[in-house]
Amino acid sequence: MRSSAGPRVLRPMPCVAELHTAYDYDTNRPFFSPSASALSIDPSILVTTRPPAKLNFFLELLRRREDGYHDIDTVMAAIDWCDRLSIRRTKNPGVQLHCDWSPSRASMAGQLGLPASESPLLDIPTGETNLVHRALDQFSEKFSIEGGFECWLEKQIPAGAGMGGASSDAASALLCAAALCSIDPQSALIYEIASEIGSDVPFFLGAASSDAAASNDAAASTDSDPRFAARALRFAARAPCFAARAQGRGTEITPVPIAFRPHIVAAFPGISLSTAKVYAGCQVPDSPTSADGFLAAWQQGDQREFGLRKMNRLAEPARKLSHQIDEILDSMWRSGARTCQLTGSGSACFAIVGSAREARTMAKRLQAIKCCNFVGRDGAKVDADLKRSSRMLARATTVRSVPAPLQYRRF
Ligand SMILES: C[C@@](CO)(OP(=O)(O)O)[C@H](O)COP(=O)(O)OP(=O)(O)OC[C@H]1O[C@@H](n2ccc(N)nc2=O)[C@H](O)[C@@H]1O
Ligand SMILES: Nc1ncnc2c1ncn2[C@@H]1O[C@H](COP(=O)(O)OP(=O)(O)O)[C@@H](O)[C@H]1O
């Protein structure tokens with residue numbers, strides 16, 4: 001992937017210095033509240049946050065809608081597999097986005113067993129189709145922001161994996177921009193922009209999203225106020241630290257309390273699936289299952305019921321598009337998973353195991369497994385990029401419960 005500014009940017013900006021000192025993990029607060037100076041363009045203020053991936057523990061389809069979307073009932077949680085995003089304001093209008101894999105594209109290609117670093121699988125757009133770019137464009141337009149933004153995005157979350165990486169980046173961009181411009185992160189307009197960009201984006205706004213959706217006071221909340229900067233920072237840091245039920249198109253968010261954090265291994269088979277294609281192949285059941293039972297199990301700490309009731313209605317259409325999904329699930333099962341499942345529209349899957357130690361062992365085992373047979377399930381040829389991919393990217397991970405490392409500092 002190439003930087004929009006020309007040369008490749010690997011470890012960009014002074015922000016990457018190991019300075020987490022602007023954030024107090026005990027109190028979940030930044031050490032200082034930004035002053036009124038944040039209201040004017042100050043390119044020396046940089047906000048850094050860590051957009052997390054998500055997993056869908058439950059996903060049911062309720063109906064196909066006339067606008068081409070589906071009403072769904074899903075339960076998602078953010079996990080500690082994260083990208084890193086830094087943003088500052090610029091005097092020139094527009095969005096400049098620098099983006100690369102962390103620690104490098106070559107390392108990511110190596111982990112996936114891709115021979116060259118030129119694999120299209122690792123191409124992330126830096127122009128207007130990047131959701132960070134779109135989010136900031138919309139933000140500037142809707143809040144009439146003077147000047148523009150420069151951003152540095154370090155990717156770790158695989159794309160097209162059903163882990164919501166792009167959506168999470170977009171939501172973080174909105175919260176960081178709100179902090180930089182002293183805009184209320186709970187503004188209904190922020191929620192509106194998020195929903196327009198993608199069905200998954202409001203989830204990643206976290207609590208800001210559920211509160212904003214309830215508010216109709218969009219007009220008043222476009223005003224900037226220095227107090228909003230600190231609030232936006234708090235949301236950027238805490239927003240992803242919860243599980244939520246998402247309904248409607250996926251944009252109606254209700255945070256849900258959970259009684260335990262399962263030990264998880266998430267694995268990406270080195271192939272990306274198009275969300276639209278997976279939905280296009282899905283079948284809405286005559287009697288959809290409600291998420292109520294699953295949620296009750298998670299809220300009551302009933303791990304057996306949690307395992308029995310979790311489900312993903314998109315698994316069937318995704319399996320038809322990619323035989324790797326069965327291979328990954330088989331491998332997880334044979335490696336001792338209590339239960340395993342596809343996340344979202346795939347292609348990543350996750351296993352639930354009994355302990356953090358088991359999770360680490362399984363992740364190592366999966367990394368060593370080759371999961372591509374070079375031909376599809378029905379004997380059809382698979383594309384060239386897929387042929388070369390031979391490994392899974394697997395990680396022991398947890399449902400996120402700590403604030404994202406977040407910096408807000410002058411440099
Ligand atoms: C399946 C889920 C589950 O969390 O996640 P991913 O697997 O993409 O991460 C989401 O519903 C994906 O949300 P998102 O990735 O934001 O999708 P969008 O950009 O809004 O929509 C892409 C396409 O998917 C289909 N789509 C999406 C959401 C929905 N409720 N019904 C749909 O039918 C539509 O064809 C749409 O054009
Ligand atoms: N910030 C971003 N990070 C990753 N992919 C992005 C980003 N912005 C746009 N994209 C595009 O979005 C698609 C994948 O989106 P992503 O959210 O990672 O997948 P999924 O919807 O399966 O969770 C890819 O086609 C990629 O080109």
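When a ligand or atom number is given, it counts from 1 through the structure's own listing order.
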For ligand 1, what N or O to protein N or O distances fall under 3.5 Å?
| from | atom 1 | to | atom 2 | distance (Å) |
| --- | --- | --- | --- | --- |
| ligand 1 | 4 (O) | Lys54 | NZ | 3.2 |
| ligand 1 | 4 (O) | Asn56 | ND2 | 3.1 |
| ligand 1 | 4 (O) | Asp200 | OD1 | 2.9 |
| ligand 1 | 4 (O) | Asp200 | OD2 | 3.4 |
| ligand 1 | 5 (O) | Lys54 | NZ | 3.3 |
| ligand 1 | 5 (O) | Asp200 | OD2 | 2.9 |
| ligand 1 | 7 (O) | Ser345 | N | 2.6 |
| ligand 1 | 7 (O) | Ser345 | OG | 2.7 |
| ligand 1 | 8 (O) | Thr275 | OG1 | 2.9 |
| ligand 1 | 9 (O) | Lys54 | NZ | 3.0 |
| ligand 1 | 9 (O) | Asp200 | OD2 | 3.2 |
| ligand 1 | 11 (O) | Tyr279 | OH | 2.7 |
| ligand 1 | 16 (O) | Ser199 | N | 3.0 |
| ligand 1 | 16 (O) | Asp200 | N | 3.0 |
| ligand 1 | 20 (O) | Ser199 | N | 2.9 |
| ligand 1 | 20 (O) | Ser199 | OG | 2.5 |
| ligand 1 | 30 (N) | His70 | O | 2.8 |
| ligand 1 | 30 (N) | Arg249 | O | 2.9 |
| ligand 1 | 31 (N) | His70 | N | 2.8 |
| ligand 1 | 33 (O) | His70 | N | 3.4 |
| ligand 1 | 33 (O) | His70 | ND1 | 2.8 |

Please report which non-hydrogen protein atom sits nearest to [atom], along with the residue it belongs to and the distance in Å to one decimal place.
{"atom": "atom 27 (O) of ligand 2", "result": "Pro125 CD, 3.3 Å"}
{"atom": "atom 9 (C) of ligand 2", "result": "Thr129 O, 3.4 Å"}
{"atom": "atom 24 (C) of ligand 2", "result": "Ala159 CB, 4.4 Å"}

Quiz item: Among Gly162, Ser167, Ala166, Pro158, whose heavy atom sits nearest atom 6 (C) of ligand 2?
Solution: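 Comparing heavy atoms across Gly162, Ser167, Ala166, Pro158, the nearest one to atom 6 (C) of ligand 2 lies in Ala166.
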Exercise. Report the member of Gly160, Ser199, Gly127, Ser345 with the shortest heavy-atom distance to atom 18 (O) of ligand 2.
Key: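 Checking each option, the heavy atom nearest atom 18 (O) of ligand 2 is found in Gly160.
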Quiz prompt | Between Thr254 and Arg245: side-chain donor-acceptor atoms closer than 3.5 Å | solution =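 There is no such pair (donor and acceptor under 3.5 Å, judged by atom type) between the side chains of Thr254 and Arg245.
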Quiz prompt | Pair Thr251, Ser195: side-chain N/O donor-acceptor within cut-off below 3.5 Å | solution =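 There is no such pair between these side chains.
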Quiz item: In terms of the angle between their ring planes, are Phe149 and Phe139 parallel, tilted or perpendicular, with boundaries placed at 30° and 60°?
Solution: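 Geometry flag for Phe139 against Phe149: perpendicular rings.
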Quiz item: Which word best sums up how the rings of Phe260 and Phe306 line up, parallel for under 30°, tilted for 30 to 60°, or perpendicular for over 60°?
Solution: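 Ring orientation of Phe260 relative to Phe306: perpendicular.
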Just which atoms of ligand 2 are under 4.0 Å from any heavy atom in [X]?
{"X": "Asp169", "value": "1 (N), 2 (C), 3 (N)"}
{"X": "Gly164", "value": "17 (O), 23 (O)"}
{"X": "Met163", "value": "23 (O)"}
{"X": "Leu153", "value": "1 (N)"}
{"X": "Lys155", "value": "3 (N), 4 (C)"}
{"X": "Thr275", "value": "21 (O)"}

Quiz item: Around atom CZ of Arg357, are there more than 12 heavy atoms of other residues, nucleotides or ligands at under 6.0 Å?
Solution: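 It does not: Arg357 CZ has 12 such atoms or fewer within range.
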Exercise. Applying salt bridge (Lys or Arg N to Asp or Glu O under 4.0 Å), name anything that partners Asp286, two or more places apart in sequence or on another chain.
Key: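 Applying salt bridge (Lys or Arg N to Asp or Glu O under 4.0 Å) to Asp286 gives none.
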Quiz item: What residues form a salt bridge (Lys or Arg N to Asp or Glu O under 4.0 Å) with Arg134, not counting sequence neighbours?
Solution: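 With neighbours one apart ignored, the set is empty.
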Quiz item: Are any non-hydrogen protein atoms located under 4.0 Å from atom 13 (C) of ligand 2?
Solution: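 There is no protein heavy atom less than 4.0 Å from atom 13 (C) of ligand 2.
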Quiz item: Do Arg319 and Glu327 meet the salt-bridge criterion of a basic N to acidic O distance under 4.0 Å?
Solution: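 Looking at Arg319 together with Glu327, the answer is no, because their closest N to O distance does not fall below 4.0 Å.
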Exercise. Run the salt-bridge test on Lys54 and Asp200 with the 4.0 Å N-O cut-off and return the result as yes or no.
Key: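 Here Lys54 pairs with Asp200 in a salt bridge, since their nearest N and O are under 4.0 Å apart.
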Self-check item: CA sep, side-chain torsions, deciding dist, call: Glu154, Arg50, salt bridge (charged side-chain N to carboxylate O under 4.0 Å, His left out)
Solution: CA-CA 9 Å; Glu154 294 179 66; Arg50 307 217 40 214; over 6 Å; no
Quiz item: How would you list all residue pairs meeting side chain to side chain donor-acceptor pair (under 3.5 Å) that involve residues 337-350, not counting sequence neighbours?
Solution: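 Of all non-adjacent pairs touching residues 337-350, those that pass side chain to side chain donor-acceptor pair (under 3.5 Å) are Asn56-Thr343, Thr275-Ser345, Lys310-Thr339, Lys310-Gln341.
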Quiz prompt | N or O pair under 3.5 Å between Ala161 and ligand 2 | solution =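 Yes, Ala161 has an N/O under 3.5 Å of an N/O on ligand 2.
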